[in-house]
Amino acid sequence: LHVTSRDGRHMSEKELQLTNAEYPSDMSAHVRDPKVFQKDGSYYMVLGGRDENSKGLVLLYQSEDLEHWKFVNKITTKETFGYMWECPDLFEVDGQMMLICCPQGVERQGINYENVHQCTAMKIKYDFQNHSYEIAEGKDIRQVDRGFDFYAPQTFEDEKGRRILIGWMGIP
């Protein structure tokens with residue numbers, strides 16, 4: 001859905017942007033958590049997903065007008081890394097593209113991935129012209145937090161150019 005507001009209180013009418021029929025045919029019904037960003041004059045949207053084989057991934061769409069979206073790529077690791085990637089965020093910091101997401105179903109590895117649901121950061125080299133990429137694998141995938149109460153972070157760039165991350169905290 002697409003909604004706008006000039007003041008944060010009064011919202012425009014909801015506009016349907018994508019339906020399940022517009023996802024790749026091998027996707028399960030688990031697609032959610034859109035994040036829109038602008039790069040090189042185009043808008044992009046990442047969506048967290050789970051394919052029919054229970055492999056977590058991110059779907060990438062492109063738009064010129066924020067109304068008409070075209071699917072351009074699936075972003076995932078070679079080996080399955082969880083069955084669902086929630087809350088994706090694709091952004092650049094100091095010239096390095098990063099993908100933050102919350103993969104569900106990652107097997108525990110020592111003190112890593114002890115939580116039910118994780119929050120990870122992966123370095124990614126993404127070519128927005130050809131829609132090809134190289135993504136971090138194995139030890140190069142880092143947990144953002146090892147606590148049990150941090151989840152679903154999203155980032156934005158403030159007026160000073162700083163990347164600010166805000167996530168959920170589950171402690172009452």
Is it the case that one hydrophobic cluster holds both [X] and [Y], taking links as side-chain heavy atoms less than 4.5 Å apart, direct or via other members?
X     : Y      : answer
Leu66 : Phe71  : yes
Leu99 : Val31  : no
Leu18 : Ile75  : no
Val72 : Ile124 : yes
Phe91 : Met97  : no

### Query
Under 3.5 Å, is there a donor-acceptor pair linking the side chains of Asp65 and Ser63?
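Yes, a side-chain donor-acceptor pair sits under 3.5 Å.
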
### Message
Under a plain distance cut-off of 3.5 Å, with no hydrogens placed, do Asn115 and Tyr151 share a side-chain donor-acceptor pair?
### Response
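Absent: no donor and acceptor within the cut-off.
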
Heavy-atom side-chain proximity of [X] to [Y] below 4.5 angstrom:
X      : Y      : value
Met98  : Lys123 : yes
Ser28  : Met84  : no
His30  : Tyr83  : no
Lys35  : Pro88  : no
Tyr113 : Glu107 : no
Val58  : Leu90  : no
Phe37  : Thr155 : no
Glu92  : Lys39  : yes

Give me the atom names and distance for the closest heavy-atom approach of [X] to [Y].
X      : Y      : result
Leu60  : Tyr126 : CD2-OH, 3.2 Å
Gly110 : Glu114 : O-CG, 3.9 Å
His10  : Ser5   : O-OG, 2.9 Å
Ala136 : Thr77  : O-CG2, 3.8 Å
His131 : Asn73  : O-ND2, 2.7 Å

Can a donor-acceptor pair be found, under 3.5 Å and without considering hydrogens, that links the side chain of [X] to the backbone of [Y]?
X      : Y     : value
Gln96  : Val93 : no
Thr80  : Gly56 : no
Thr4   : Ser12 : no
Gln154 : Cys87 : yes

Calculate, to the nearest 0.5 Å, the distance between atoms [atom1] and [atom2] belonging to [X] and [Y] respectively.
X      : Y      : atom1 : atom2 : value
Met122 : Arg142 : CE    : CZ    : 12.5 Å
Met169 : Asp145 : CE    : CG    : 6.5 Å
Ile141 : Gln118 : CD1   : CD    : 11.5 Å
Leu59  : Trp85  : CG    : CH2   : 11.0 Å
His2   : Glu67  : NE2   : CD    : 7.5 Å

Are more than 12 heavy atoms, taken from residues, nucleotides or ligands other than [X], located less than 6.0 Å from that residue's [atom1] atom?
X     : atom1 : value
Asp94 : CG    : no
Glu13 : CD    : no
Gln38 : CD    : yes

### Message
Running the 4.5 Å side-chain criterion over Ile, Leu, Val, Met, Phe, Trp and Tyr, what cluster does Val3 land in, apart from itself?
### Response
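Noted: Val3 shares its cluster with Met11.
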
For residues 43-50, please give each side-chain donor-acceptor pair under 3.5 Å, one per line with the distance, not counting sequence neighbours.
residue, atom, partner, partner atom, Å
Tyr44, OH, Gln62, NE2, 3.2
Arg50, NE, Ser54, OG, 3.3
Arg50, NH2, Ser54, OG, 3.0

### Task
Mind checking salt bridge (Lys or Arg N to Asp or Glu O under 4.0 Å) for Lys55 and listing every partner two or more places apart, or none if nothing turns up?
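Salt bridge (Lys or Arg N to Asp or Glu O under 4.0 Å) list for Lys55, sorted by chain: empty.
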
### Message
Tell me every residue that passes salt bridge (Lys or Arg N to Asp or Glu O under 4.0 Å) with Asp33, counting only those two or more places apart in sequence or in another chain.
### Response
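For Asp33 there are no salt bridge (Lys or Arg N to Asp or Glu O under 4.0 Å) partners, ignoring immediate neighbours.
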
#### Entry: Stepwise side chain to side chain contact (heavy atoms under 4.5 Å, CB included) check, Val144 with Thr120
CA-CA 5 Å; Val144 175; Thr120 60; 5.7 Å; no

### Task
Considering only NZ, NE, NH1 and NH2 on the basic side and carboxylate oxygens on the acidic side, decide whether Lys74 and Asp26 come within less than 4.0 Å.
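A salt bridge is present here (some side-chain N lies under 4.0 Å from a carboxylate O).
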
### Query
Do Arg146 and Asn112 pass the side chain to side chain donor-acceptor pair (under 3.5 Å) test, and can you show the C-alpha distance, the side-chain angles, and the key distance before you say yes or no?
CA-CA 7 Å; Arg146 281 197 172 102; Asn112 292 322; 2.4 Å; yes

### Task
With sequence neighbours left out, write down each residue that passes side chain to side chain contact (heavy atoms under 4.5 Å, CB included) with Pro153, or none if nothing qualifies.
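Applying side chain to side chain contact (heavy atoms under 4.5 Å, CB included) to Pro153 gives Ile100, Cys102, Cys119, Phe150, Leu165.
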
### Query
Which salt bridge (charged side-chain N to carboxylate O under 4.0 Å, His left out) pairs, counting each pair once, include a residue from residues 125-141, with sequence neighbours left out?
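Found none.
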
